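One structure below.
First the proteins, then the strands, lettered A, B, ... as listed; each starts at 1. Note that the structure is predicted; figures quoted are calculated from it, not measured.
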Amino acid sequence: MSTEEKSLNFIEQIIEEDLKNGLSNDKLRFRFPPEPNGYLHVGHASAICLNFGLGIDYQAPVNLRFDDTNPAKEEQEYVDAIKRDVAWLGYQWDKECYASDYFQELYDWAIEFIKKGKAYVDSQTSEEIAKQKGTPTTPGTDSPYRNRSVEENLDLFERMKNGEFKEGTHILRAKIDMKHTNMLMRDPIMYRILHKHHHRTGDKWCVYPMYDWAHGESDYLEQISHSFCTLEFLPHRELYDWFLDQIYDATKIRPKQREFARRNLSHTVVSKRKLLQLVEEKHVTGWDDPRMSTISGMRRRGYTPTAIRNFAKTIGIAKRTNLIDVSLLEFCVREDLNKIAPRVMAVLNPVKLVITNYPEGQEEWLEAENNPEEAVMTYRKVPFSRELFIEREDFQEEANKKFFRLTLGTEVRLKNAYIIKGENVVKDANGNITEIHCTYDVDSRSGSGTEASQRKVKGTIHWVSIAHAIPAEVRIYDRLFSHESPDGNKEIDFKEFINPNSLEVITGYVEPSLQTAQNLDHFQFQRLGYFCADKDSSTEKLVFNKTVGLRDTWAKVESKE
RNA sequence: UGGUCUAUGGUGUAAUGGUAACACUACGGUUUUUGGUGCCGUCUUUCUAGGUUCGAGUCCUAGUAGACCAACCA
């Protein structure tokens with residue numbers, strides 16, 4: 001009964017208003033239109049969640065359209081990666097489209113433009129054209145070729161298409177207004193000559209449409225009702241509408257472009273160009289490096305589709321410039337992982353613990369909860385023996401009042417096992433601890449129901465049996481940028497920004513149940529953080545990537561004495 | 001020396017002329033066989049100045065600040 005009044009964001013309000021004004025719900029259609037010139041990143045994830053989310057909410061189809069109008073930058077590899085990423089996020093597109101599917105229609109329309117005197121061939125250099133274009137504060141001037149005859153334009157444009165000219169010698173321009181306050185309306189370029197192989201159309205074309213001439217028309221051909229893009233395209237809207245005016249058939253849906261602010265994330269870069277630079281300059285191992293903000297990087301890092309979708313939903317949509325703190329993304333990741341990640345024991349910085357009163361050669365397989373958050377609890381067995389590894393930092397000889405873990409003379413519980421008491425330590429010549437000796441209370445086994453097993457001790461620590469533990473490579477990631485992400489459009493030197501300690505590779509020991517860990521399964525190494533298994537083809541070893549740390553307060557508490 | 005867009009706690013987003021709220025962060029308390037989780041709480045908000053109105057975060061005007069616009073990129 002209590003249908004919560006959901007507040008609509010401004011995008012939903014636009015749609016609601018259109019529906020109220022007579023647009024039929026079954027005419028709704030959205031699209032996500034990436035250029036296949038790189039991998040998708042967390043910013044695209046927002047756009048994907050917006051468009052596909054609207055599709056789900058309104059039960060409307062969403063097209064996946066590749067904006068492949070520039071063969072110089074686009075590759076099939078990127079098309080494949082984009083499809084994989086959108087699908088991984090959990091969305092299904094209605095039609096898979098390509099701007100290149102429309103090259104013929106666009107060409108035919110361009111001929112009509114010429115015939116109607118709406119377009120002309122300009123034969124100046126790009127420098128001359130740029131000069132005539134003026135600046136945001138000064139008007140442009142007409143090209144000397146602006147008033148060529150229709151016949152000459154038709155002839156020239158056909159010869160451009162037929163490959164008779166070199167790149168840069170001629171372009172087709174829309175004839176609008178060189179003095180327009182919006183620079184995009186100053187006779188924008190519709191076609192340029194590019195003798196490049198296109199990943200889909202091969203060598204069929206050597207004239208390629210520009211974004212502005214292809215995008216709205218693609219929306220129109222696909223009968224997209226709402227075309228959402230980022231705010232930097234806002235000045236393009238006037239041109240989008242002008243092009244549509246020339247070809248629009250009133251019996252059809254006229255697509256509407258609306259803009260929202262792109263999302264910026266602190267401590268990271270959200271720009272394909274900069275991500276490409278990181279890859280090319282080898283600051284990272286590739287587009288799917290777990291430190292990258294790409295969707296494939298986040299996948300390898302262990303972020304889940306649910307977490308990313310919740311993040312997108314939480315940050316919402318608006319029109320103001322923003323810088324979202326990564327801690328919100330990390331919260332979303334923890335929130336999801338807490339529910340689904342099995343708790344397992346692992347020791348990353350081991351020190352040997354010997355239980356002196358535990359029989360030599362004896363082993364027990366103890367029952368352990370997989371995840372206390374589970375609705376129906378499941379269990380696994382973990383091996384216990386006389387010699388264990390524990391985390392080096394879980395032991396201190398001298399007890400601080402706020403230190404709840406193992407010290408000499410105090411009791412602590414080994415998770416899922418027994419209560420032990422620290423007795424003494426063995427040190428090497430340099431005074432480093434090499435072994436800790438302790439005794440255990442045989443009646444204190446977890447779940448045994450004995451009085452001793454009910455006893456409260458102030459700390460619980462984690463362990464693995466040395467004889468049974470499996471060595472694993474563990475990759476600990478830190479933020480790629482230690483302070484703020486480099487911003488602006490100018491060339492940047494990443495060396496000034498990159499955190500040199502963003503990757504640490506260590507060898508840890510994990511409980512044997514992880515031997516069968518599948519690629520990208522999630523785990524909580526108890527008290528250490530969330531991790532995922534990453535199969536590395538170059539090694540037989542188990543490899544784990546640290547996804548995100550736990551929200552840990554002990555360091556803070558202990559530092560306050 | 002132009003045009004367009006934007007302005008709500010440290011961060012992000014709501015409030016659609018009628019009690020400024022939700023989440024994150026930070027901090028405190030509590031539960032806990034994870035210093036995790038859960039639960040409870042605290043701190044911190046409408047850019048400025050006018051105007052319209054019984055009433056303005058919301059509408060209007062001006063100012064201020066930020067963003068975008070001069071690729072044969074998208």
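When the P atom of B:U32 is taken as reference, atom CD of A:Q454 falls 13 Å away, rounded to whole Å. The distance from atom CZ of A:R334 to atom C1' of B:G38 is 16 Å, rounded to the nearest whole Å. Here B:U13 presents its P atom at 15 Å from CD of A:E12, a figure rounded to the nearest Å. Atom NE2 in A:H236 sits roughly 8 Å away from atom C1' in B:C69 (whole-Å rounding).
Below 30°, between 30° and 60°, or above 60°: for A:Y211 and A:F233 the angle between ring planes is between 30° and 60°, a tilted geometry. Using cut-offs of 30° and 60° on the angle between ring planes, the pair A:Y107 and A:Y191 is perpendicular. Using cut-offs of 30° and 60° for the angle between ring planes, the A:F525 and A:F531 rings count as parallel.
Below the 3.5 angstrom threshold, one finds no donor paired with an acceptor across the side chain of A:R527 and the base of B:U34. One can find a donor-acceptor pair under 3.5 Å joining the base of B:U33 and the side-chain atoms of A:S446. In the interface, the side chain of A:Q13 is paired with the base of B:U16 through a donor and an acceptor atom under 3.5 Å apart. For A:E238 against B:G3, no side-chain N or O and base N or O form a donor-acceptor pair under 3.5 Å.
One finds a side-chain N or O of A:T69 lying less than 4.0 angstrom from the OP1 or OP2 phosphate oxygen of B:A74. Distances shown here put every side-chain N or O of A:R237 at or beyond 4.0 Å from the OP1 or OP2 atom of B:G3. Regarding contacts with the backbone of B:G36, every side-chain N or O of A:R343 stays at 4.0 angstrom or more from both OP1 and OP2. Note on A:T553: a side-chain N or O is less than 4.0 Å away from OP1 or OP2 of B:G36. Not one side-chain nitrogen or oxygen of A:K272 sits closer than 4.0 Å to the OP1 or OP2 atom of B:A74. Side-chain nitrogen and oxygen atoms of A:R186 include none within less than 4.0 Å of the OP1 or OP2 phosphate oxygen of B:C69.
Using a 4.0 Å heavy-atom cutoff across all strands shown, A:K339 reaches no nucleic acid atom at all. Using a 4.0 Å heavy-atom distance criterion, A:L8 is classed as a base contact.
A gap of 13 Å separates the P atoms of B:C39 and B:U25, to the nearest Å. B:C43 sits 13 Å from B:C22 when the P atoms are compared, rounded to a whole Å. Rounded to whole Å, the separation between the P atoms of B:G57 and B:A49 comes to 13 Å. Separating the C1' atom of B:C68 from that of B:A26 is a span of 34 Å, rounded to the nearest Å. Remark: the separation of the P atoms in B:A71 and B:A14 is 34 Å, to the nearest Å. Between the P atoms of B:U19 and B:U11, the separation comes to 25 Å (whole Å). Across B:G9 and B:C27, the matching C1' atoms stand 15 Å from one another, rounded to whole Å. Taking atom P on both nucleotides, B:U46 is separated from B:G12 by 16 Å, rounded to a whole Å.
Under the Watson-Crick or G-U wobble criterion, with both distances below 3.5 Å, B:C43 has no partner in any strand shown. Base pairing analysis places B:G35 opposite nothing; no Watson-Crick or G-U wobble pair with both distances below 3.5 Å involves it. For B:G18, the paired base is B:C54 (Watson-Crick or G-U wobble, both distances below 3.5 Å).
Of all nucleotides listed (B:G12, B:A74, B:U25), B:G12 comes nearest to the side chain of A:I324. Minimum atom distance to the side chain of A:D325 is reached by B:U11, of the listed B:U13, B:U11, B:C73.
A:E364 is listed as a side-chain neighbour of A:R445, based on a closest heavy-atom distance under 4.5 Å.
Along RNA chain B, the nucleotide nearest A:N371 and the nucleotide nearest A:L231 are compared for position; the residue whose nucleotide lies closer to the 5' end is A:L231.
The residues A:E259 and A:R237 are annotated as salt-bridged, a charged nitrogen and a carboxylate oxygen being separated by less than 4.0 angstrom. Residues A:E74 and A:R200 are not paired through a salt bridge, judged by the lack of any N-O separation under 4.0 Å between the basic side chain and the carboxylate.
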Original post:
Taking it one step at a time, do A:H462 and A:K415 satisfy side chain to side chain contact (heavy atoms under 4.5 Å, CB included)?
Top reply: CA-CA 5 Å; A:H462 304 89; A:K415 176 80 177 169; 3.7 Å; yes
